[in-house]
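This report refers to the structure that appears directly beneath it.
These numbers come from the heavy atoms of this one structure, side chains and all, not from hydrogens, waters or symmetry mates. Heads up: numbering here begins at 1 and tracks the sequence. In this text the structure is predicted, and so the values were computed from the model without any measurement.
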Amino acid sequence: MASEASRGILNEIEANLLECKVCFEKYCQHPRERRPRTLPCGHVMCYECALSVTHAHYLRLECPFCRRLCSVSEMTDCMTLMHLEEIVWRAPNPTLTWPPGGWRTRKSAVPAVVKLSDAFGGWGQLINPTGVAFFKKSGVVMVVHDGKKRMAIFSPKGKYLHGFGSKGCICYPLGVTVTRDGYIIITDAGDVSVKVFSSRGRNTLTVKNSFLLPWGIQTDGQNRILVTDAQAGTLTRLEVDFLKAVLLRSQILSASLSSPREIAVSETTGFVIVVEHLKESGDRSFSRTRLKLFNNKMQVVHQIDSFGSSLLAPFHLCVSAVAFDKEDNVFVADSSLKALLCLGKLKEFPSFRMVLSHGLLRPVALACGADNSLIVLDSGDHFVKIYRVC
């Protein structure tokens with residue numbers, strides 16, 4: 001009965017929220033024509049319908065619901081509905097149970113458990129957060145979200161300090177990272193760009209015309225920027241002169257990835273992990289993931305997908321965040337299991353170990369602090385959660 005009721009609720013959500021009210025086709029991320037697009041008035045329609053009512057010469061359209069005029073450039077992807085579509089069509093395993101102390105594949109030196117030490121943010125201070133990073137020297141935490149000021153800055157103790165980035169400056173941020181010298185870099189899906197800010201919030205550089213949907217972002221040991229493009233299927237490296245605010249070089253390192261999103265870089269070895277989101281046959285959503293490990297020469301040395309993980313552990317990977325700790329342990333957040341797992345060190349990768357199986361709703365970003373802590377961004381309750389590794 002409960003499963004039938006749940007299915008009924010999902011069907012109602014799909015009918016009322018996940019279909020275009022102009023053509024009544026279901027929203028999905030691919031093909032592009034079916035992506036939900038938000039107009040300045042707040043109404044949503046699919047990209048194909050928006051184009052069909054756009055004036056070919058003036059590139060302006062009239063909202064079919066409220067008749068407000070707007071330009072094509074003012075439309076943005078409705079990321080809320082895109083995330084909702086993933087949740088509805090993802091197939092979690094509610095019958096999976098974990099033995100006391102977690103579950104592991106084999107004996108290894110991975111951390112046994114993590115414990116919650118602090119939590120801050122919450123609805124109001126954070127609205128639909130998408131990315132988290134921190135200054136290594138000061139421990140100050142930065143979160144990108146959908147508030148009036150897109151960047152929220154918190155002290156290491158969780159006190160809100162200040163914010164910057166109005167909607168005109170930052171449209172829809174997805175990822176954030178910090179360079180060694182304190183520059184803040186974000187991916188902006190709204191105007192399809194990578195933006196560099198000073199530590200005081202001044203926009204010093206914007207890189208456009210190089211991406212279709214920039215998503216994950218990190219810096220390597222040489223202060224170069226690595227960006228995943230979920231729509232183009234690429235991993236790109238940007239070399240920037242931050243003092244002069246000049247892009248020196250843009251290089252595509254991998255061009256055959258499947259909707260790459262999350263990314264992590266090892267500080268000690270320079271290895272890179274990219275999370276690909278795989279589309280299942282006959283399904284419109286990306287409900288399975290694959291982790292691809294590159295060495296410091298950007299050669300693929302290992303990968304593990306849902307089938308491979310199911311041979312080692314009683315679940316399918318649905319990774320929503322990934323990070324290296326200072327000892328080169330690989331940590332991942334699984335949004336389907338609502339859990340944190342450690343995949344072990346690179347030399348024994350993967351060695352599955354459940355380190356947290358409760359307390360998370362929808363983890364979307366993960367960072368490993370310098371003090372052996374895990375910073376988890378949970379968009380389910382809009383909190384930043386700090387865990388200590390035991």
Side-chain angles (χ1 to χ4, degrees), residues 29-30 32 77 130-133 144 173-180 183 185-189 192-196 205-240 247-279 286 288-306 308 317-324 328 330-333 343 346 349-350 364-368:
Q29 297 192 37
H30 296 278
R32 186 182 182 188
D77 282 334
T130 53
V132 67
V144 288
L174 290 178
V176 59
T177 190
V178 184
T179 68
R180 290 177 300 177
Y183 287 92
I185 315 169
I186 69 164
T187 50
D188 193 332
V192 194
S193 65
V194 170
K195 296 174 180 176
V196 180
L205 178 65
T206 299
V207 181
K208 289 188 176 182
N209 305 320
S210 300
F211 309 100
L212 296 178
L213 185 58
W215 199 293
I217 188 162
Q218 284 293 333
T219 55
D220 64 11
Q222 300 180 47
N223 233 18
R224 298 173 298 189
I225 306 169
L226 298 178
V227 185
T228 60
D229 191 318
Q231 188 167 326
T234 59
L235 173 62
T236 301
R237 183 167 61 201
L238 305 177
E239 297 182 31
V240 173
L247 175 65
L248 302 176
R249 187 185 183 195
S250 176
Q251 179 185 8
I252 295 178
L253 303 176
S254 181
S256 56
L257 301 173
S258 176
S259 189
R261 299 186 187 176
E262 300 78 14
I263 182 173
V265 180
S266 167
E267 292 184 4
T268 57
T269 63
F271 279 41
V272 177
I273 286 184
V274 173
V275 181
E276 297 177 281
H277 291 248
L278 311 176
K279 188 174 183 180
F286 293 93
R288 294 290 181 262
T289 54
R290 175 171 60 209
L291 278 77
K292 191 164 286 187
L293 177 65
F294 298 84
N295 61 19
N296 52 17
K297 297 181 180 179
M298 296 313 299
Q299 301 168 325
V300 178
V301 295
H302 196 96
Q303 70 178 26
I304 182 165
D305 55 17
S306 298
L317 277 178
C318 191
V319 176
S320 55
V322 61
F324 286 96
D328 257 0
V330 180
F331 286 88
V332 297
L343 306 188
L346 290 174
F349 180 82
V364 294
L366 183 63
C368 290

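Looking at Ser266, its side chain never comes within 3.5 Å of a backbone N or O of Phe271 through a donor-acceptor pair. Proximity of a side-chain donor or acceptor of Thr177 to a complementary backbone N or O of Ala133 within less than 3.5 Å is not detected. Put simply, the side chain of Glu276 gets close to the backbone of Ser258: a donor and an acceptor are under 3.5 Å apart. The main-chain N or O of Arg180 is found under 3.5 Å from a side-chain atom of Asn223 such that the two form a donor-acceptor pair. Between the side chain of Ser193 and the backbone N or O of Lys208 there is no donor-acceptor pair closer than 3.5 Å.
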- Message: Using the rule given for side-chain contact (heavy atoms from CB on, under 4.5 Å), can you reason through Ile217 versus Ile186, listing the C-alpha separation, both sets of side-chain angles and the distance that settles it, and then say yes or no?
- Response: CA-CA 7 Å; Ile217 188 162; Ile186 69 164; over 6 Å; no

- Task: Just do the side-chain contact (heavy atoms from CB on, under 4.5 Å) check on Leu291 and Leu343 with the steps written out, would you?
- Result: CA-CA 11 Å; Leu291 278 77; Leu343 306 188; 3.7 Å; yes

- Message: Between Phe331 and Val322, is the side-chain contact (heavy atoms from CB on, under 4.5 Å) condition met? List the steps.
- Response: CA-CA 6 Å; Phe331 286 88; Val322 61; over 6 Å; no

- Stepwise, does the side-chain contact (heavy atoms from CB on, under 4.5 Å) test hold for Asp229 with Thr236? CA-CA 8 Å; Asp229 191 318; Thr236 301; 5.8 Å; no

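The distance from the CG atom of Leu253 to the CG atom of Leu226 is 6.5 Å, given to the nearest 0.5 Å. For the atom pair OG1 of Thr289 and CG of Leu278, the computed distance is 7.0 Å after rounding to the nearest 0.5 Å. Taken from CZ in Arg224 to CG in Leu238, the straight-line distance is 11.0 Å, to the nearest 0.5 Å. Glu267 contributes atom CD, which lies 9.5 Å from atom CD of Gln218 (distance to the nearest 0.5 angstrom). One finds the OH atom of Tyr183 at 14.0 Å from the OG1 atom of Thr219 (value rounded to the nearest 0.5 Å). Phe211 contributes atom CZ, which lies 9.0 Å from atom OG1 of Thr187 (distance to the nearest 0.5 angstrom).
In terms of heavy-atom proximity, Val192 sits nearest to Pro214 at CG1-CD, 3.6 Å. Here the closest non-hydrogen pair linking Ala264 and Ala323 is CB-CA, 3.8 Å. Heavy-atom minimum distance, Thr234 versus Ala255: CG2-CA, 4.0 Å. What you find for Gly131 and Val176 is that their closest heavy atoms are C-CG1, 3.6 Å. Between Leu366 and Ala333, the shortest heavy-atom distance links the atoms CD2-N, 4.2 Å. Across every non-hydrogen atom of Ala230 and Arg261, the tightest pair is CB-CG, 4.1 Å.
Proximity of Leu235 to Ile263: side-chain heavy atoms (C-beta onward) are separated by under 4.5 Å at one or more points.
With sequence neighbours excluded, no residue satisfies ring-ring contact (aromatic ring centres under 6.0 Å, His included) with Phe294. The side chain to side chain contact (heavy atoms under 4.5 Å, CB included) test applied to Pro260 returns Thr228, Leu257, Val274, not counting sequence neighbours. Applying the side-chain hydrogen bond (donor to acceptor under 3.5 Å, both in side chains) criterion to Asn296, with sequence neighbours excluded, gives no partner residue.
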